Trainee: 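Take this structure, written in structure tokens, and hold onto it; I'll ask about it next.
Both ligands and their constituent atoms are indexed starting at 1 by order of listing. Please read all numbers here as calculations on a predicted model, not as lab measurements.
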Amino acid sequence: MTMAEQYLMGAATSELDRMLYQGEMFRPEAERLLDRCGPGPGARAADVGCGPLGILDLLSERVGPGGEVVGLDVQPEMLRLARSLVAERRLDNVRLVEGDAADTAEDKGGFDFVHTRLVLMNVPHSGAVLSAMVALARPGGTIAVQDVDWVTRVCDPPHPAWTALVDLVTELWRLNGMDVHLGRRLPGLLRAAGLVDIGVDAGIRVFQQGHPYHTLLADRAELCRAALVERGLTGHAELDRLTGELRAHLAQPDTVVVHPVLFQAWGRLPGDRGRAAHRPGH
Ligand SMILES: C[S@@+](CC[C@H](N)C(=O)[O-])C[C@H]1O[C@@H](n2cnc3c(N)ncnc32)[C@H](O)[C@@H]1O
């Protein structure tokens, strides 16, 4: 199975649109992270698993015309859209590279800032991707990771279809070697990867009827239908029943959905702390 096939979400057009929407939704969180530990003018930055845009636009602005941003992704469909957005927005300092992050020929030790968002939780080989990110950073360079933890994944009032679908998707992720509680483990993983000066933060979002993310669990479960059925976790009729019941519950005006916590963790490779292109104080 290729890396792209392993990536359960695939790259259907609606999924690409959802990722762009999500990137826009989480822009304030990304800006806050970059204010804390992001690259300064002239720096070289990488967004690993950038998808159709990731935070390439934010990094492009921060490093400026004297810097460079590399967007790396394993799926050609993602990069096709990324290419057109980068051209449309005239992000001249952004270069896109197709390939598996765990096996990239990009300049090892050449980046001041290496970032990834919502990638590690969705791949079975997150350790290999994190090690590759560390290898890309220069001594003193920063690694920053944003990823979720499903600890808060509840709806209120509670509903059995919600619980059943969370359990199904959690089990699918587990069977594929992925950890739905990765968020809380990020600081420990960064420390184990040899980083120092580790920081962590987290944010939470709550949705009501009318917000596109209010129905995310039902949408996701349907997107993963083939994998859920193939793994013998459910059948088509059962999945239809659960998503139907959940959608009816979510359509009630007082039903509230709590999104997974978005964790942010960052750290620095030891050595060579004081490069000009790096944000002072980190
Ligand atoms: C959920 S999307 C997140 C996209 C983007 N980081 C964002 O926040 O909008 C995950 C992305 O990681 C990419 N990906 C998964 N495994 C990868 C790997 N081994 N190397 C590079 N990219 C990978 C997928 O192709 C997909 O575009």
Trainee: Counting only N and O atoms by type, is there a donor-acceptor contact under 3.5 Å from the side chain of T152 to the main-chain atoms of V258?
Mentor: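 Not at all, since once roles are kept as given, no pair shorter than 3.5 Å links the two residues.
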
Trainee: Quick one: does R117 get an N or O within less than 3.5 Å of an N or O on ligand 1?
Mentor: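 Yes; at least one N/O pair falls below 3.5 Å.
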
Trainee: Hey, is R268 close enough to D112 for a salt bridge, meaning N to O under 4.0 Å?
Mentor: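 Salt bridge between R268 and D112, a charged N being under 4.0 Å from a carboxylate O: no.
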
Trainee: Would you call the rings of Y213 and H259 parallel, tilted or perpendicular, taking 30° and 60° as the class edges?
Mentor: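 Answer is tilted, since the angle falls between 30° and 60°.
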
Trainee: Give the atom numbers and elements of ligand 1 that come within less than 4.0 Å of a heavy atom of G51.
Mentor: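 Within the 4.0 Å cut-off of G51, ligand 1 contributes 4 (C), 27 (O).
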
Trainee: Between M78 and ligand 1, is there a nitrogen or oxygen pair with a distance under 3.5 Å?
Mentor: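 For ligand 1, there is no N or O atom that lies under 3.5 Å from one belonging to M78.
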
Trainee: Applying salt bridge (charged side-chain N to carboxylate O under 4.0 Å, His left out) to D35 and R62, what does each step give before you reach the verdict?
Mentor: CA-CA 10 Å; D35 286 345; R62 297 218 176 209; 2.9 Å; yes

Trainee: For V123, take its heavy atoms, then give the atoms of ligand 1 lying under 4.0 Å from any of them.
Mentor: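 Heavy-atom distances to V123 below 4.0 Å select 15 (C), 16 (N).
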
Trainee: Considering A30, P124, G49, S126, which one's heavy-atom position lies nearest to atom 4 (C) of ligand 1?
Mentor: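 Of the listed residues, G49 has the closest heavy atom.
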
Trainee: Any carboxylate oxygen within less than 4.0 angstrom of a Lys/Arg side-chain nitrogen, looking at R80 and E77?
Mentor: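 Answer for the salt bridge query: no.
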
Trainee: Considering only heavy atoms of A101, which atoms of ligand 1 have at least one such atom less than 4.0 Å away?
Mentor: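 What qualifies from ligand 1 is 18 (C), 19 (N), 20 (N), 21 (C).
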
Trainee: With atoms numbered from 1 as shown, which atoms in ligand 1 lie under 4.0 angstrom from a non-hydrogen atom of G99?
Mentor: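 Heavy-atom distances to G99 below 4.0 Å select 20 (N), 21 (C).
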
Trainee: Hey, is the main chain of L136 close enough, under 3.5 Å, to the side chain of E106 for a donor-acceptor pair?
Mentor: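 Absent.
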
Trainee: At less than 4.0 angstrom from any non-hydrogen atom of L118, what atoms of ligand 1 do you find?
Mentor: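 Answer, ordered by atom number: 1 (C), 2 (S), 3 (C), 10 (C).
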
Trainee: Please work out whether any backbone atom (N, CA, C, O) or any side-chain heavy atom from C-beta onward of D100 is under 4.0 Å from ligand 1, and answer side chain, backbone, both or neither.
Mentor: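 Both backbone and side chain of D100 come within 4.0 Å of ligand 1.
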
Trainee: Under 3.5 Å between any N/O of N122 and any N/O of ligand 1: does that happen in this structure?
Mentor: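 No - when backbone and side-chain N and O of N122 are compared with those of ligand 1, no distance drops under 3.5 Å.
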
Trainee: Between R205 and E29, does any side-chain N to carboxylate O distance fall below 4.0 Å?
Mentor: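 Looking at R205 and E29, the cut-off is met.
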
Trainee: If you measure every N/O of H125 against every N/O of ligand 1, is any gap under 3.5 Å?
Mentor: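 Yes, H125 has an N/O under 3.5 Å of an N/O on ligand 1.
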
Trainee: Quick check: does any side chain N or O of D149 sit under 3.5 Å from a backbone N or O of V261, one acting as donor and the other as acceptor?
Mentor: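 Not confirmed, D149 side chain does not pair with V261 backbone.
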
Trainee: Using a 4.0 Å heavy-atom cut-off, say whether C50 meets ligand 1 through its side chain, its backbone, both or neither.
Mentor: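 For C50, only backbone atoms sit under 4.0 Å from ligand 1.
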
